[in-house]
Structure formats: C-alpha cells, structure tokens
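For clarity, every value in this text was computed on a predicted model and none was experimentally measured. Below, each value reflects all heavy atoms present in this structure, side chains not excepted, and no hydrogens, waters or symmetry copies.
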Amino acid sequence: MSSDTAPAPQPAGGSGDHGYVSFEDVCKSYDGRSLVVSHVDLRVEKGEFLTLLGPSGSGKTTCLMMLAGFETPTSGTIRIDGRPVHDLPPRKRGIGMVFQNYALFPHMTVGRNLAFPLEVRGLDSEECRERVERALALVRLEGMQDRRPSQLSGGQQQRVAIARALIFDPALVLMDEPLGALDRRLREEMQYEIRRIHQSLGVTVVYVTHDQQEAMVMSDRIAVLRAGRVEQIAGPEALYEEPERSFVARFIGENNRLHGRVAAVDGEVCEVECGGEVIRAIQVAPCGPGDATTLSIRPERVAVSPEPGLYTNELEAVIEDITFLGDHLRLRLGVCGRTDFIAKIPNIVGHGAVLAGDRIRIGWTPTDCRVLDPDDEEGET
C-alpha cells in the first residue's frame, strides 16, 4: 500500500493472451429469448482501471455481477488470471466489492466493519488491528475506527466501504455505481480519491457507472455498452476525440450531429450533402456515394466568424440563443436545416459582438468532423 504510482498494466502470470480479467463471447439471458448481454468480448490487464459505461439497461451491471459470481453466464467464458471462474462461488474469487448503498453494518463500529472480512478469513487480532489502521489511513479516515456509520457523512461512509473492499488485499476490486448516492460535490471529490487510491495500490478495478464524466476522470480505459453490446473500448481521450460509432459520439460529451448522404469519397475524406451544404469530413464508418450517414463534430471545434477561406468547411448560421456559462458562451445555431447546432466561444472582453438573431459564418476542418454510421437519435441518452 506504500507505492505512490500504479504499475503499467501487464498481463498477469498464467493468463496468457487473455488479460487478467477476460470475457470471451459472453451472453446472458434471463428468459431464454432476449439477451441482456450479447456476445461481449473484453479484457482487463492487471493493474488497470476499466469502466463499464452505458445507460440504464445496457448490461453493464449484469456484466459486473457475472464477474463477481452473483450471476451465471448463459454462454461464453469469464476468466480471472487465466482461469475460468464459473465453478467458483463469489466468496472464493478473492474479489473486493463496493456498492452504491455502502452495505455497512449499522450496529458495528467502523473498525469492526473493516475487521469483519479479515476475521472471516481467520486473521489474528493483531494483524486485523494493523490492517484496519492501514486501511483507514489509505482512505484518510485515521482515528475514526470507534465511530458508527450513522455518525459519518455519506462521503465518509463510502470511504469506509472502499477500505473494507481493499483491506484483505484483493487483486481485483469491483465497484457498482459507488458514488450514485452522493451529491455532486462529494461525487467529484470521491472520483479523485478513488483515482488516488488506485494509483497508490495498482489494484485491478472494474467500475460501473452511467456517468460519463465519472468514467472520463478515473479510467484507464472505458467500455461503452448499449443494449448488451460493447460499442467501443478505448481510453477517455480516444473515446472523446475519435468515436467509432454515432452512439459513442452522442453519449460521450456534447456533440453536434448532422444527417446527410455521401456525395463522394476521396481516400479517407468524404463529401457529404447536409441540408443544402456540402461538408468534407474524415471517413470512419464504411460508406459510399448515396449512403446515409451522420456527421459528428464537437462544439469546441467550431470556429465562429473565422477569416474567409481559413477553413475547408465554412457555412452560414443564425444565432438562435446564447447561454452564459462563466468561462465560455454556448451558442445555439441554426445551420443545415437544424436549430440545435452548438458552438462554444471563450468568455472574453467584447463577446457582446454576437447577439441572438445575428447571421454569422462558422467553420471547421475536415479532420475535426467524422463520418459515422446513420443515427436515428432514438433510444438511450
């Protein structure tokens, strides 16, 4: 527990090419007809923090429960350190668990709550005492072992729950929406605390959340799930900057989507007709002339009132609304037949030069705009 930085993720001994945790074509059905988890393949390296991110009903918690042993896959294989774990009950998988509701024993002190999993494992009282003190120091709750959970704040209770999950030195920790019951300030504080603890210990973490910001702050990699399938697995920056599917672009951060049809393809650049305009963008999804597609561009990549000829894509837009957000202004624009196109500009002296109702020019480069699969914009958000 004394290491200051997490080791670089390495394959665990004996796990071969599987990774420390692996899902291999895993499916789960509760009724024998519909799949709540559909042919999931993923691997988690030793020491990695991987988040399962998705809306309600995407299958992320079911995946976690199967890994923990509380649910059984309908088909496929789950391995930990190279070994299939279907025949292992939860208590023998050596996994630490943290839940949203803390799951602390209200009649026990903090110290007794932490000592309980050690006593079950047969550790003597002196070893238990040392580990309790060390765990409390890790989560910055020194001296609180004699308090009861009811005497702690929500954030402190969650720290105790994290300490209990780590106290027996598990190689793998699973966290299921552990910050969901906290207010915004505490959530943000605990995100950085969990990240600090992970970097300090180098333990492997699989984390479940529907909160994209939470996933972006803490994770080494993120697996985005939708309707039981993995849409994309990548690091936070790659997911944001290089989404491979329309759902990922829509789910991760604020994003503009323009629907159109491919007019021409020139290498990796496509020309797409959108609302009477022709836009050049980088091809990501396979497509050809005449195919329907969705263009994706982040609001912060849209230049407002650029010098003429500076950008390959330059369009006329109408300012529908302006929202002041402190460090920047959010412009809602009418462009390409839509009135929900967003651009962001810094809050600097003279921003009053743009007003609602103004007609302006906007622009962006082809490399900032991605040609993705058609997106009907229905379903999860």
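- Distance CD1/Ile279 to SG/Cys274: 4.5 Å, rounded to 0.5 Å.
- Not one N or O on the side chain of Thr339 forms a donor-acceptor pair closer than 3.5 Å with the backbone of Gly334.
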**Request:** Test Thr294 against Leu258 for side chain to side chain contact (heavy atoms under 4.5 Å, CB included), laying out the working first.
**Result:** CA-CA 6 Å; Thr294 298; Leu258 296 173; over 6 Å; no

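- Surrounding CD of Glu142 are more than 12 heavy atoms belonging to other residues, nucleotides or ligands, all under 6.0 Å away.
- A salt bridge between Arg83 and Asp81 is absent, with no side-chain N of the basic residue lying under 4.0 Å from a carboxylate O of the acidic one.
- Counting heavy atoms of neighbouring residues, nucleotides and ligands inside a 6.0 Å radius, atom CZ of Arg147 does not exceed 12 of them.
- Crowding of Glu254 atom CD: a count of heavy atoms from other residues, nucleotides or ligands under 6.0 Å exceeding 12.
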**Message:** Is there a side chain to side chain contact (heavy atoms under 4.5 Å, CB included) between Arg298 and Asn255? Walk through the geometry before answering.
**Reply:** CA-CA 5 Å; Arg298 299 291 181 186; Asn255 189 73; 3.5 Å; yes

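- For Glu307, the CD atom sits in a loose shell: 12 or fewer heavy atoms of surrounding residues, nucleotides or ligands are nearer than 6.0 Å.
- In summary, the side chains of Glu214 and Tyr207 do present a donor paired with an acceptor at a separation below 3.5 Å, with no hydrogens or angles considered.
- Open room surrounds CD on Glu273; 12 or fewer heavy atoms of other groups in view lie less than 6.0 Å from it.
- Geometric assessment of Arg195 against the ring of Phe49 yields a negative cation-pi assignment under the 6.0 Å and 45° thresholds.
- In this structure, CE on Met97 lies 3.5 Å from CZ on Phe99, to the nearest 0.5 angstrom.
- Cation-pi contact between Arg121 and Phe168: present, with separation from the ring centre below 6.0 Å and deviation from the ring axis of at most 45°.
- A distance of 8.0 Å separates CZ in Phe251 from NE2 in His210, rounded to the nearest 0.5 Å.
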**Request:** Could you check Arg93 against Leu67 for side chain to side chain contact (heavy atoms under 4.5 Å, CB included), going step by step and ending with a plain yes or no?
**Result:** CA-CA 9 Å; Arg93 297 192 184 192; Leu67 179 56; 5.5 Å; no

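- The side-chain contact (heavy atoms from CB on, under 4.5 Å) test with Leu136 is passed by exactly one of Gln145, Arg131, Arg159: Gln145.
- Between Glu130 and Arg134 there is no salt bridge, since no side-chain nitrogen of the basic residue lies less than 4.0 Å from a carboxylate oxygen of the acidic one.
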**Request:** Begin with the C-alpha distance, continue with both residues' side-chain angles, and end with the deciding distance and a verdict on side chain to side chain contact (heavy atoms under 4.5 Å, CB included) for Leu201 and Leu166.
**Result:** CA-CA 9 Å; Leu201 298 180; Leu166 296 169; 3.8 Å; yes

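- The local environment of OH in Tyr192 is sparse, with at most 12 non-hydrogen atoms from other residues, nucleotides or ligands closer than 6.0 Å.
- Of the residues His198, Arg140, Gln158, the one that meets the side-chain hydrogen bond (donor to acceptor under 3.5 Å, both in side chains) test with Glu193 is Arg140.
- Thr109 and Asp146 are not linked by any side-chain donor-acceptor pair at a separation below 3.5 angstrom, with hydrogens and angles left out of the test.
- For the pairing with Pro366, the side-chain contact (heavy atoms from CB on, under 4.5 Å) check across Glu268, Gln283, Arg280 returns one residue only, Arg280.
- If you take CD on Glu237 and CG on Leu239, they are separated by 10.5 Å, rounding to the nearest 0.5 Å.
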**Request:** May I have the step-by-step check of salt bridge (Lys or Arg N to Asp or Glu O under 4.0 Å) for Arg112 and Glu119, ending in yes or no?
**Result:** CA-CA 10 Å; Arg112 292 286 298 125; Glu119 294 168 352; 2.8 Å; yes

**Prompt:** Run the salt bridge (Lys or Arg N to Asp or Glu O under 4.0 Å) check on Glu71 and Lys28 step by step: do they pass?
**Reply:** CA-CA 9 Å; Glu71 297 286 354; Lys28 176 64 177 180; 3.7 Å; yes

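- Ion pair Asp321/Arg330 not flagged as a salt bridge, since none of the NZ, NE, NH1 or NH2 atoms sits closer than 4.0 Å to an Asp/Glu carboxylate oxygen.
- With hydrogens and angles left out, the side-chain atoms of His328 and Asn347 include no donor and acceptor closer than 3.5 Å.
- Using a 4.0 Å cut-off between charged side-chain N and carboxylate O, Arg43 and Glu48 make no salt bridge.
- With salt bridges taken as basic N to acidic carboxylate O contacts below 4.0 Å, none links Glu231 and Arg229.
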